[in-house]
Amino acid sequence: MSQQPQLHAVPKWHTQSIAAPRPAVQPLLRAEGISLEYRSRAHTVRATHDVSFDVYRGDRFVLLGPSGCGKSSLLKAAGGFIAPSAGRISINGQAVNGPGPDRVAVFQEFDQLPPWKTVKQNVMFPLLASKKLKRNEAEERAMHWIGKVGLAGFADAYPHTLSGGMKQRVAIARALAMQPEVLLMDEPFAALDALTRRKMQEELGRLWEEARFTLLFVTHSIEEALVVGNRILLLSPHPGRVRAELNSHQFGLHSTGSPEFQSAANRIHRLLFDEDTAAAPESAVGRRLAL
Ligand code: ADP
Ligand code: MG
C-alpha cells in the first residue's frame with residue numbers, strides 16, 4: 001500500500017513544539033505551506049507538498065531528506081529562482097518574488113565559478129555586479145573572505161588549477177562576501193572526498209562562529225545534518241512533506257563518535273524511513289521528539 005495517503009494525515013504535529021520554544025521574534029525567512037510543481041505539457045511533477053518552516057537569524061537550518069524529496073527545489077524557491085504553486089516564502093516579512101543579493105547560494109557542482117575569472121575576480125564579481133561596493137572596496141572585501149577560507153595565496157589562481165575543496169571554498173567566500181541575509185547551500189560538500197568533506201564542515205562551523213550568518217543548508221546525509229545544523233527539518237520521500245523538526249544544536253564534529261550522536265542518527269533514520277513512523281507519525285514523533 002502506498003504511504004502517501006497516510007502521510008497526508010501528518011499536519012498538526014510538525015507545528016507542535018518538537019523543537020524548544022523560540023523567543024517571540026519574527027523569523028528571518030518564513031516558508032508557509034509551500035507546494036512546488038514542475039509542469040510540462042505531458043505531466044506535472046509535484047516536488048513538495050505543504051512544507052512550512054521558519055528560519056531565525058543566526059540559525060543553521062538544515063533541510064534533510066532522501067534524494068528527490070524536493071530539497072533543492074525548496075532552496076531554489078527560497079532563492080527566488082522558482083515560484084511555489086501554493087504557499088508563500090518571505091524574508092523579513094517581505095514576499096520573495098525573485099532572486100536578490102540578500103540570498104546567495106552555494107551549490108554542489110565545482111563548475112559554479114566562471115573559469116575565465118581568477119579567485120579574486122570571482123569573489124569580487126557579485127559585489128560589483130550588485131553595485132554593493134566600489135572596486136577598491138570590493139577588492140578589499142574579497143581578499144578578506146579569501147583569507148578567511150584559507151586561500152590568500154591563491155587569489156590570482158584560476159579555478160581549473162584548484163581542487164574541488166578549494167573551489168568550494170571560493171564559492172563560500174564569494175557568498176559570504178555578499179553578506180547575505182541568508183546563505184543557501186545545496187549539498188555543497190557532497191562531491192568531495194570524505195576527509196575533505198569533514199574538513200569543510202569544520203571550517204563552515206568555524207566561519208559561522210566568527211560571522212554568525214544565517215544558513216539554510218540542504219543535505220541527504222543524516223550525519224552532516226547533525227554536524228552542520230542547529231535545527232533540522234525532516235522531509236518525507238517524494239513529494240516532500242514535513243516529517244518532523246528537531247533541535248540538533250548539541251551536536252557537532254566533536255560529538256560524531258558519541259553514543260548520543262549515534263542514537264540521534266538512528267532516530268532520524270527511523271523517522272525518515274520507518275514504515276511504522278510513516279503510518280503513525282503522531283505517536284511516533286511523540287515518542288521520539290527529543291534527540
Ligand atoms: P532533492 O534535491 O531532494 O533530491 P529535487 O528538488 O531536485 O529533490 O527534486 C524533487 C522532484 O522534482 C524530483 O522528483 C525531481 O525529479 C523533480 N524535479 C526537479 N527539478 C525538476 C525540473 N526542472 N523539471 C521537472 N522535474 C524536476
Ligand atoms: Mg538536490
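In this chain, residues are counted from 1 in sequence order. Atoms within a ligand are numbered from 1 in the order they appear, just like the ligands themselves.
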side-chain hydrogen bond (donor to acceptor under 3.5 Å, both in side chains) assessment of Glu32 paired with Ser52: CA-CA 4 Å; Glu32 296 167 279; Ser52 300; over 6 Å; no
Set out, in order, the CA-CA distance, both residues' side-chain angles and the distance that settles salt bridge (Lys or Arg N to Asp or Glu O under 4.0 Å) for Arg206 and Glu209, then state yes or no. CA-CA 5 Å; Arg206 188 177 47 73; Glu209 288 292 342; over 6 Å; no
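Ser263 and Asn266 share no donor-acceptor pair across their side chains, judged by distance under 3.5 Å alone. Of the N and O atoms on the side chains of Asn230 and Asn247, not one donor lies less than 3.5 Å from an acceptor on the other residue.
The aromatic rings of Phe53 and Phe61 lie parallel to each other, their planes meeting at an angle below 30°, with 60° marking the opposite boundary.
In summary, Ser72 places an N/O/S atom under 2.8 Å from the Mg ion (ligand 2), meeting the contact criterion.
Under the 4.0 Å criterion applied to side-chain N and carboxylate O atoms, Arg198 and Glu223 are assigned as salt-bridge partners.
Ligand 1 is surrounded by Tyr38, Val45, Ala47, Pro66, Ser67, Gly68, Cys69, Gly70, Lys71, Ser72, Ser73, His238, each with at least one heavy atom closer than 4.0 Å.
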